[in-house]
There are 2 protein chains.
Amino acid sequence: MRWLDEREQRVWRRYLLMTSQLAAQMNRQLAADAGLSLADYEVLVRLTDVPAGRLRVTRLARDLSWEQSRLSHHVSRMARRGLVAREECADDGRGALVALTEQGRAAIERAAPAHVAFVRASVFDALTDAQVDTLDAILGSVLSGLR
Amino acid sequence: MRWLDEREQRVWRRYLLMTSQLAAQMNRQLAADAGLSLADYEVLVRLTDVPAGRLRVTRLARDLSWEQSRLSHHVSRMARRGLVAREECADDGRGALVALTEQGRAAIERAAPAHVAFVRASVFDALTDAQVDTLDAILGSVLSGLR
DNA sequence: TTAAGCTAGATGACATGTCAAGCAGATCTG
DNA sequence: CAGATCTGCTTGACATGTCATCTAGCTTAA
């Protein structure tokens, strides 16, 4: 049984700390700016990206790499707040579409500039170009191992 | 307003994906092996690290970089499951100690080998030494910007 | 064409996390 | 030394996420 050495432990603890702090601060900023969570933001971004402004539930879940039931619950909550709307699917009687509402579009347009500025300031501006390249490689290696 | 360029967007999305997948898999593995969550594991590790096996609530929260109320709720849940116990603090009438129980110690001893093996396999074994160094630097830079 | 099985989604139960408020025991100050 | 304030911790309300299960609409094969 091989444990983590000193350096590995330090890196690992800092990894856990950094990821949780970064997520917490993004959540707080989005909440303050536009009453959104990071999860809301991700859903809205994806919907904004497609011309029709609507996607099938399964497709959206796959795009976001979310579990389907998580998305279903989340859509319910977002619908209650008027950020998205559920629509029937003509093709498939079982299907459902999640559609961006005007209010949802307004919310993400309000939130996006400060959110992007925060990501830029706290991540990309803090790193050299070479570090970003290495980070990309690291993410790729770890991700491919996870599948 | 400067948005993220192609490469930055790709890295950022992969960052969000990788961090969430890694956390999800760690949680699943810990749950399967020992009925623990990653949060439980972190609490138990910290308590195991101190000789007395008990810490003041505030101290533990600070060590973990958790909000105090999160820890309080979490300790309640862990106490209900017998993993830790709350104790009175002799020094300070307001204070409370969180103490590792036998059952808590048994749980972490059961969980640790596979958990460490998973972290090693999915992270450290997937990276070169130079990548780990760069990761360390990246974590440091971003963290210092977050405070 | 119909019964078996598959697929899309929703839901209930429950664990987790955040924020704001509450409470009781320290501490400080006039 | 008595009120004001601060501190350590808990609690309630509520948002979020997971797992298991349910339902209804498709699909397929005898």
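Chain letters run A, B, ... following the sequence lines, proteins first and then strands; every chain starts at 1.
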Trainee: Can you tell me the distance, in whole Å, between the CE atom of B:M26 and the P atom of D:dG17?
Mentor: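 Rounded to whole Å, this separation is 16 Å.
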Trainee: Parallel under 30°, tilted from 30 to 60°, perpendicular over 60°: which one fits the rings of B:Y41 and B:H115?
Mentor: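 Because their plane-to-plane angle lies in the 30° to 60° range, the rings of B:Y41 and B:H115 count as tilted.
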Trainee: Expressed in angstrom and rounded to an integer, what is the separation of A:R77 atom CZ from D:dT18 atom C1'?
Mentor: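 It is 11 Å, rounded to the nearest whole Å.
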Trainee: Return the nearest nucleotide to the side chain of B:Q68; candidates are C:dA20, D:dG8, D:dT18.
Mentor: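 Closest nucleotide to the B:Q68 side chain: D:dG8.
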Trainee: Please give, in whole Å, the distance from D:dG8 P to B:R59 CZ?
Mentor: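 Those two atoms, CZ and P, are 13 Å apart.
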Trainee: Before you tell me yes or no, could you show the steps for B:V116 and A:R2 under side chain to side chain contact (heavy atoms under 4.5 Å, CB included), namely the whole-Å CA-CA distance, both residues' side-chain angles and the distance that decides it to 0.1 Å?
Mentor: CA-CA 8 Å; B:V116 173; A:R2 241 179 95 220; over 6 Å; no
Trainee: Look at the side-chain N and O atoms of B:R81 and state whether any lies under 4.0 Å from the OP1 or OP2 oxygen of C:dA15.
Mentor: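 Checking C:dA15 against B:R81, no side-chain N or O comes under 4.0 Å of OP1 or OP2.
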Trainee: Can you work out whether B:E67 or A:A96 has the more 5'-proximal nearest nucleotide on DNA chain C?
Mentor: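 In this pair, the answer is A:A96.
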Trainee: Please state whether the base of D:dT18 and the side chain of A:H73 form at least one donor-acceptor pair under 3.5 Å?
Mentor: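 Yes, the side chain and the base share a sub-3.5 Å donor-acceptor pair.
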Trainee: Heavy-atom nearest nucleotide on DNA chain D for A:R94 versus A:W66: which residue maps closer to 5'?
Mentor: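 Counting from the 5' end, the first nearest nucleotide belongs to A:W66.
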Trainee: Can you tell me the distance, in whole Å, between the CZ atom of B:R80 and the C1' atom of C:dA15?
Mentor: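 Going from B:R80 (CZ) to C:dA15 (C1'), I get 9 Å.
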Trainee: Measuring from the side chain of B:S69 (C-beta onward, heavy atoms only), which nucleotide among C:dA10, C:dG25, D:dT11 has the closest atom?
Mentor: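 Nucleotide nearest to B:S69's side chain: D:dT11.
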Trainee: Pick the closest DNA chain D nucleotide for A:D91 and for A:L36 by heavy atoms, then say which residue is nearer the 5' end.
Mentor: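 On the 5' side of the pair lies A:L36.
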Trainee: Can you tell me the distance, in whole Å, between the CE atom of B:M78 and the C1' atom of C:dT16?
Mentor: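 In whole Å, C:dT16 C1' lies 13 Å from B:M78 CE.
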Trainee: Give the C-alpha distance, both sets of side-chain angles, the deciding distance and a yes or no for salt bridge (charged side-chain N to carboxylate O under 4.0 Å, His left out) between A:E67 and B:R28.
Mentor: CA-CA 14 Å; A:E67 291 186 14; B:R28 269 193 275 269; 3.5 Å; yes
Trainee: In whole Å, what is the span from the CZ atom of B:R70 to the P atom of D:dT10?
Mentor: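 Atom CZ in B:R70 sits about 16 Å away from atom P in D:dT10.
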Trainee: Atom CZ of A:R28 to atom P of C:dA20: distance rounded to whole Å?
Mentor: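 So the two atoms are 10 Å apart, to the nearest Å.
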Trainee: In whole angstroms, how far is the C1' atom of D:dT18 from the CD atom of B:Q21?
Mentor: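 Going from CD in B:Q21 over to C1' in D:dT18 covers 14 Å.
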Trainee: By nearest heavy atom, map A:D92 and A:A24 onto DNA chain C; which one lands nearer the 5' end?
Mentor: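 Whichever sits nearer the 5' end wins; that is A:D92.
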Trainee: Going by an N to O cut-off under 4.0 Å, is there a salt bridge joining A:D40 and A:R81?
Mentor: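 Counted as a salt bridge, because a side-chain N and a carboxylate O are separated by less than 4.0 Å.
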Trainee: Determine whether A:R13 and B:D49 satisfy the following criterion, salt bridge (charged side-chain N to carboxylate O under 4.0 Å, His left out), listing intermediate values before the conclusion.
Mentor: CA-CA 14 Å; A:R13 290 201 179 150; B:D49 269 358; 3.6 Å; yes
